[in-house]
Chemist: 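If you scroll down you'll find the structure; I have some questions about it.
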Amino acid sequence: MFITVTANPMVEHLFPVSDLHAGSRHRPTQAWTFATGKGLNVARALHDLGEEVVAVLAVGGRRGREIVERVEAEGIRSRIVPVRGENRAGATLFHEGQHTTIYGPGPTLEDGDVEALVANVRSLLPARCLVLAGSVGHPSLYTRLSTLGVPLALDFCHPCLDECMRVGNVLVAKPNRQELGYLYGIDDPVVGAHRLHEQGARWSVVTDGAGPAIFQSGGVTRRVQPLRVRQVHPIGSGDALLAGLLHALPRGPEAAVAFATACGAHNASRPEVARLDPAACEALARQVECTRLEG
Ligand SMILES: Nc1ncnc2c1ncn2[C@@H]1O[C@H](COP(=O)(O)OP(=O)(O)OP(=O)(O)O)[C@@H](O)[C@H]1O
Ligand SMILES: [Mg+2]
């Protein structure tokens, strides 16, 4: 079983808008709404891939109730941790590969919320992997969760990443290239992947949207050119890739990298967020080519 934690989930509305102009009115004829947040996105993708997964969610207010309702309707198992305040609302406007996001403010987690989240995760153990992705919510939450001994997948951009890597059993660390720059001032994905690997990540993965992604594991570094797809929007592609990697790890490194890349591309090619069609992902995975880098 997998566990994901989402400290700052949201109700996200996604609109295709071809003529975005500040100060004008837009009336798209289609719209999608999802309960999102990186941990929850990974949970959705794992669920679609047939994995047993529990999404631990910090929820509050009316939007919190909507998040719970939406997650239940999708059949994703969850553990709800009530918090004070109102969960975020978000809007994403997209057109032909360009996107604009507005993510509103979420609740501030208190010490007691951290305790409740940690207790919920602990009560669900053992697990194959604990996914800590997206907004940290509280400076001590991820560090606390990292000490539980369960294999971790870390995908967030906060200075506590180093501490989590120091105290935790890290199966995967997966920042994107921009996050790598923000965290370490490193621009080169290969250098970044090496650094994360040296810090103890058994898999270090640095993605860069439609640019080459680096996967390092077991002393082998692979560069993968993302598949050519017509991008709808990229929201959740990293989450889909992470879910695909976790799902496919038992197949061995080469196949896991291919499947993960396929999941990322599949997500980028559709308007939904981290919703995967497994057969489509399998078909795409057969097209992925990776290059082993020397050294
Ligand atoms: N336009 C695209 N075409 C093909 N594949 C894509 C595209 N965008 C993303 N992907 C795939 O998804 C992977 C992850 O994308 P990206 O680097 O955008 O993740 P991210 O920034 O972590 O996204 P998020 O945090 O929103 O989930 C890429 O390495 C690539 O394989
Ligand atoms: Mg990401």
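Along the sequence shown, the residues carry numbers beginning at 1. All ligand and atom numbering here is 1-based and tracks the order in the structure.
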Chemist: Do NZ/NE/NH1/NH2 and the carboxylate oxygens of D187 and R177 come within less than 4.0 Å?
Modeler: yes
Chemist: Just let me know how A265 lines up against ligand 1, side chain, backbone, both or neither, with a heavy-atom cut-off below 4.0 Å.
Modeler: both
Chemist: Would you say Q178 touches ligand 1, if touching means a heavy atom closer than 4.0 Å?
Modeler: no
Chemist: Out of C157, G209, S237, A213, indicate the one that has the non-hydrogen atom closest to atom 30 (C) of ligand 1.
Modeler: G209
Chemist: Could you tell me, atom by atom, which parts of ligand 1 come under 4.0 Å of a heavy atom of D239?
Modeler: 27 (O)
Chemist: Determine, for R251 against E282, whether the closest basic-nitrogen to carboxylate-oxygen distance falls under 4.0 angstrom.
Modeler: yes
Chemist: Quick check on contacts: which atoms of ligand 1 are under 4.0 angstrom from a heavy atom of L241?
Modeler: 13 (C), 29 (O)
Chemist: Ignoring angles and geometry beyond distance, decide whether G236 reaches within less than 3.5 Å of ligand 1 through its nitrogen or oxygen atoms.
Modeler: yes
Chemist: Please say whether G238 places an N or O atom under 3.5 Å from an N or O atom belonging to ligand 1.
Modeler: yes
Chemist: Report the member of H233, K38, Q231 with the shortest heavy-atom distance to atom 1 (N) of ligand 1.
Modeler: Q231
Chemist: So which protein heavy atom does atom 11 (C) of ligand 1 come closest to, and at what separation?
Modeler: G264 C, 3.5 Å
Chemist: Distance under 4.0 Å to a non-hydrogen atom of L227: what atoms of ligand 1 satisfy this?
Modeler: 3 (N), 4 (C), 5 (N)
Chemist: Does any non-hydrogen side-chain atom of D19 lie less than 4.5 Å from one of H26?
Modeler: yes
Chemist: With heavy atoms of D208 as the reference, note each atom of ligand 1 found under 4.0 Å away.
Modeler: 17 (O)
Chemist: Give the minimum heavy-atom separation between V114 and R144, together with the two atoms involved.
Modeler: CG1-NH1, 4.2 Å
Chemist: Report, in ascending order of atom number, the atoms of ligand 1 lying under 4.0 Å from any heavy atom of V229.
Modeler: 3 (N), 4 (C)
Chemist: Regarding E272 and R44, does a basic nitrogen lie under 4.0 Å from an acidic carboxylate oxygen?
Modeler: no
Chemist: Are K174 and ligand 1 in contact, using a heavy-atom cut-off of under 4.0 Å?
Modeler: yes
Chemist: Does the structure place the NZ or CZ of R195 under 6.0 Å from the centre of the six-membered ring of Y184, at an angle of no more than 45° from the ring's axis?
Modeler: yes
Chemist: So, E66 and R70, do they make that salt bridge, N to O below 4.0 Å?
Modeler: yes
Chemist: Would you call E52-R128 a salt bridge at under 4.0 Å N-O?
Modeler: no
